Trainee: 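This is the structure, below, for whatever I ask next.
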Amino acid sequence: MREQLETLQQEAIGLVEQATTQKELNDVRIKYLGKKGPITEVLRGMGKLSAEERPVVGEIANSVRGAIQERLEARLEQVKEEEMAAKLASETIDVTLPGRIKRVGRPHLLQQVTDEMEDIFVGLGYTIAEGPEVEQDLFNFEMLNLPKDHPARDMQDSFYITDEILMRTHTSPVQARTMLAAKGAPIRVICPGKVYRRDEDDATHSHQFMQVEGLVVGEEISMADLKGTLEAFVKRMFGEAREIRLRPSFFPFTEPSVEVDVSCFKCGGKGCNICKQTGWIEILGGGMVHPHVLEMAGYDSTVMSGFAFGMGIERIAMLKHGVDDIRHFYTNDVRFSEQF
Ligand code: DAH
């Protein structure tokens with residue numbers, strides 16, 4: 001009996017040592033220490049033993065049970081720790097790894113300013129017209145009252161592709177195109193886009209830059225409409241406190257022609273480095289559409305009149321955002337772009 005019990009003990013402890021999971025240990029417990037296990041059986045059968053044998057066998061059985069139980073519990077603790085360690089190892093997250101940065105792009109500053117201008121004019125009932133950057137001499141100059149050899153062509157030194165085709169020097173040719181397409185009907189458009197001139201590049205000049213053209217044609221359109229429109233635009237763009245000033249000027253396609261200044265938004269008119277001590281900053285050219293330009297595009301200039309204006313987008317962006325060199329717009333240095 002003693003041998004039998006000791007063999008059971010060895011067997012059970014052997015299985016306990018081999019077990020690697022809590023479930024395996026539990027199986028061993030049920031098999032050896034459970035109600036139907038061999039040790040319980042021995043203890044149950046004690047009644048059949050003699051009075052001398054009973055305490056001896058009882059003691060052995062109890063000590064075997066105790067030994068198995070002790071090993072089981074010790075091993076159970078180990079297995080729990082091993083399982084936890086394995087779980088931790090397999091589920092590690094390195095919280096010190098840097099996250100993946102999602103770079104969110106944004107429109108270029110020139111695009112932002114163009115969008116802003118479009119919003120303002122669309123709010124005033126304008127639509128947006130576009131024309132080609134590779135343009136005919138006809139639209140770029142002739143239809144705008146600048147016949148071949150007109151001296152005012154010298155103001156816009158051009159990139160010619162053939163004698164009759166050039167890179168447009170301003171957005172004004174879209175005026176002529178829009179009027180021809182409208183066939184005598186009223187017009188209210190702005191035309192944003194790129195233009196090209198044979199200029200030396202410096203802090204304020206670029207051989208390629210952007211303009212927005214404006215054109216309104218209708219009955220009884222007057223200089224007052226031009227002034228009111230530009231005032232509304234300037235207040236939206238540069239702030240309600242801004243005022244405008246019109247100075248006489250010359251453009252072949254407008255008569256009369258004006259240059260338009262905005263009151264300095266830095267000093268408010270007192271004079272500072274931005275306005276060159278004058279209190280005013282020039283922002284655009286404009287005027288009443290020349291009757292001959294209207295007639296060439298098929299309008300009866302005795303019935304219809306119009307105003308037009310053109311401004312440089314870079315100039316507006318530089319003034320509004322304090323950019324000191326036009327070349328910053330084109331070099332695509334993110335240290336610049338990211339600021340806006
Ligand atoms: N096209 C002119 C330029 O590039 C600007 C301009 C002046 C446009 C007067 C106009 C205008 O529409 O009426 O210098």
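From a predicted model like this one, the values you see are computed outputs, not experimental measurements. Every number for a ligand or one of its atoms is a count from 1 in the order of the listing.
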Trainee: Tabulating one pair per line, provide the atom names and distances (0.1 Å) for every N/O atom of ligand 1 that is less than 3.5 Å from a protein N/O atom.
Mentor:
| unit_1 | atom_1 | unit_2 | atom_2 | d |
| --- | --- | --- | --- | --- |
| ligand 1 | 1 (N) | His170 | ND1 | 2.9 |
| ligand 1 | 1 (N) | Ser172 | OG | 2.9 |
| ligand 1 | 4 (O) | Arg197 | NH2 | 2.8 |
| ligand 1 | 4 (O) | Gln211 | NE2 | 2.9 |
| ligand 1 | 12 (O) | Gln175 | NE2 | 2.9 |
| ligand 1 | 12 (O) | Glu213 | OE2 | 2.5 |
| ligand 1 | 12 (O) | Phe309 | N | 3.4 |
| ligand 1 | 12 (O) | Phe309 | O | 3.3 |
| ligand 1 | 13 (O) | Ala308 | O | 3.3 |

Trainee: Answer yes or no: is there a donor N or O on one side and an acceptor on the other, between the side chain of Asn62 and the main chain of Glu59, under 3.5 Å?
Mentor: no

Trainee: Tell me yes or no: between the side chains of His205 and Asp202, is some donor less than 3.5 Å from an acceptor?
Mentor: yes

Trainee: Between Val113 and Met237, what is the shortest heavy-atom contact and its length?
Mentor: CG1-CE, 3.8 Å

Trainee: Which side-chain N or O atoms in residues 76-88 pair as donor and acceptor under 3.5 Å with protein atoms at least two apart or in another chain?
Mentor:
| unit_1 | atom_1 | unit_2 | atom_2 | d |
| --- | --- | --- | --- | --- |
| Gln78 | OE1 | Arg75 | NH1 | 2.5 |
| Glu83 | OE1 | Gln22 | NE2 | 3.0 |

Trainee: Identify whether the distance between the nearest side-chain nitrogen and carboxylate oxygen of Lys148 and Asp137 falls below 4.0 Å.
Mentor: yes

Trainee: Do Glu213 and Val174 come within less than 4.5 Å of each other through their side chains, counting heavy atoms only?
Mentor: no

